[in-house]
Amino acid sequence: MFVPTLDSKIVGEVIAEFRKKKGISQEVLSGLADIGRTHLSAIERGERKPTLETLYKISTAMDVKMSDIVVEIEKKL
């Protein structure tokens, strides 16, 4: 039976793409989102999946709708 899973690498890539488009460093974004820089780095590398709360903090810090990030993730899946 096929069980769909969320590819953490794609999630991280999409978040990194949004961050780079905004011209924000990991250091600045992690500070604005109130999460650790190493945590953000692990998310972007696909080593960790963000919780909804963390994704919301990241999107708000970048002034992007969380749904826009999710749509991009879905496109790449």
Side-chain angles (χ1 to χ4, degrees):
M1 185 175 117
F2 173 73
V3 179
T5 58
L6 189 59
D7 187 331
S8 54
K9 283 237 181 274
I10 291 174
V11 173
E13 284 170 13
V14 170
I15 291 170
E17 285 169 11
F18 272 90
R19 178 180 60 75
K20 289 170 187 170
K21 274 186 219 161
K22 290 280 184 176
I24 306 170
S25 69
Q26 282 185 345
E27 191 73 39
V28 170
L29 178 56
S30 63
L32 292 171
D34 194 31
I35 60 173
R37 194 201 60 75
T38 53
H39 186 190
L40 177 61
S41 179
I43 290 169
E44 288 191 0
R45 288 193 311 273
E47 293 171 4
R48 297 185 71 174
K49 287 182 191 172
T51 61
L52 276 176
E53 181 71 28
T54 300
L55 185 58
Y56 180 72
K57 286 178 171 185
I58 290 169
S59 64
T60 302
M62 290 192 290
D63 196 29
V64 172
K65 288 194 305 191
M66 188 166 75
S67 58
D68 290 345
I69 294 174
V70 173
V71 166
E72 279 305 308
I73 291 167
E74 288 178 324
K75 282 181 191 172
K76 292 183 179 226
L77 290 173

Between P50 and L55, which heavy-atom pair has the shortest distance, and what is it?
-> CB-N, 4.2 Å
Smallest separation among heavy atoms of I15 and E44, with atom names | CG2-OE2, 4.1 Å
Ignoring hydrogens and angles, write down the donor-acceptor pairs under 3.5 Å from the side chains of residues 2-13, residues two or more places apart or on other chains.
residue	atom	partner	partner atom	Å
D7	OD1	K9	N	2.9
S8	OG	G46	O	2.8
K9	NZ	R45	O	3.1

Pairwise distance [atom1]([X]) to [atom2]([Y]) - rounded to 0.5 angstrom:
X   : Y   : atom1 : atom2 : value
T38 : I43 : OG1   : CD1   : 10.0 Å
H39 : E47 : NE2   : CD    : 11.0 Å
S59 : L52 : OG    : CG    : 10.0 Å
F18 : I73 : CZ    : CD1   : 8.5 Å

Can you establish whether the number of heavy atoms outside E17 located under 6.0 Å from its atom CD is more than 12?
->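 Enclosed.
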Contacts of S30 that satisfy side chain to side chain contact (heavy atoms under 4.5 Å, CB included) - sequence neighbours left out | I35, R37, L40
Show every donor-acceptor pair shorter than 3.5 Å between a side-chain atom in residues 60-72 and any protein atom, with sequence neighbours excluded, or say none if there are none.
residue	atom	partner	partner atom	Å
T60	OG1	Y56	O	2.8
E72	OE2	K75	NZ	3.1

